[in-house]
Amino acid sequence: MLERLQELEKEALGALEAVEDEAGLQAWKVKYLGRSAALAEITSGLSELPKEERPAVGKRANQVKVALEAAYDYRAEALHTESLARALQEQRLDVTLPGRPMVRGRIHPANQTLRKILAIWAEMGFQVYRSRDVESDEYNFQLLNFPPYHPARDMQDTFFTTEPDVLLRTHTSPGQIRVMRERAPEPIRVVLPGMCYRYEQITARSEIQFNQVEGLAVGKRITFADLKGTLNAFARRMFGQDVGTRFRASYFPFTEPSAEMDIECFVCGGEGCTVCKYTGWLEILGCGMVHPVVLQNGGYDPAQYTGFAFGMGPERIAMLKYGIDDIRYFWANDLRFLEQF
Ligand SMILES: [Zn+2]
C-alpha cells in the first residue's frame, strides 16, 4: 500500500507539470484531490487494512495529500502569473492612440476683441483702470460737463435706480474723473474698459448693455497731434499697417475739439461695399481734447495741463471685423454663435 501511495504521488506530480491552463488545473484537482480520487479511496479504506499497517499508511497518505495540495497551490499561482503576463503582452495598451478630446470653452468674441484692444494699448504704455458700473449722476454727467437739463443727456438714455441720483453708467467716462482725482497732478495714461448700460430699444444695432474702452492721456504739452498720432498707431496695430484713417469734426460735452475717427473699410479696401454702406469708411471711435472744465473737475489746472480722450466699442469692432450683422447675438448665449470664435 505504501508503494501504491509512492506511485500515486509521482504520477500526480508528473501530471501537474503537464497542466497548461486553468481548465487543466481544475481537471487535475478533481482527479487527484477530489472525493472519488484514488487518494481519497485509500484514506476512506483505512479501516479495512490490517490493524498494524493502518498508522504507517494513514501517515503516508496524509503526507501525499499535503504535498499534492502544496504543489497545486504553487502551480495555480504560477499559471496565474503566466496568464497575466501573456494578457499584458497580447492586449498591450497603445499609449500612442489619441485620447478622447476634451470639450474646451473659449473666450467670448466681445472679450477676445477687448483683450486685443487692451494688449495694443498696454504696448503703448497705457495702464488698465477699472471703475464701478453703478455711478452717481455727478460722476456720470455733471463732472463730465453735462449739467442737469443739458440736451446732450438726451444722447444717452439712462437706467436710473430708485435711489435718487444713482444710475448704471452710460459710458466708461466717469472713470476719467475718478482716475484724475486719484492721480492729480501726476501725468496719466490709462485705458478704461467695462460694461455700460443704456435704456434703449433692443434692435439689431443697439443693446441695453455693451462694452466700452475709453482712453485718457493727461500731461503737459499734449496736443491734438499727439491724439492723431496715437490713434493712428492704434488703428495700424488693430487693423493692419496700411489702413487709412480720417478724422471728422464731432461733438461731445467732455472734449473740445471733438472728432470721430474712421478707418478705411477693410472689407472692400475703400472701394465701397455693404459693410461700409458704399462710403469706403468705417466709424470706429470718438475722441477729442479733454475739455478744460473736465480737467479742472479732475483736479488739474487747465492752464498747465492738457489731455486727450477717446472711446470705442469692442462689440462694434468685432461686428465689423467678423461681419456680424446683429448686436443681439453677443448676449443671447447661443452656442451656435459663440462657438464660431
Ligand atoms: Zn467697404
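Bear in mind that the values here come from a model prediction, so they are computed numbers and not experimental data. Counting starts at 1 for both ligands and their atoms, following the listed order.
- Asn111 contributes no side-chain N or O that, together with a main-chain N or O of Leu114, makes up a donor-acceptor pair within less than 3.5 Å.
- Under a 3.5 Å cut-off, the side chain of Thr203 and the backbone N or O of Arg205 do form a donor-acceptor pair.
- Protein N/O/S atoms found under 2.8 Å from the Zn ion (ligand 1), listed by chain and residue number: Cys265 SG, Cys268 SG, Cys273 SG, Cys276 SG.
- Residue Ile327 comes nearest to Glu207 through the heavy atom pair CG2-CG, 3.9 Å, listed as atom of the first residue, atom of the second, then distance.
- For Gln26, the CD atom is densely surrounded, since the number of other residues' heavy atoms within 6.0 Å is greater than 12.
- Hydrophobic clustering (ILVMFWY, side-chain heavy atoms < 4.5 Å, transitive): Ile263 and Tyr322 are in distinct clusters.
- Classification of the Tyr300-Tyr305 ring pair by plane angle, with boundaries at 30° and 60°, yields perpendicular.
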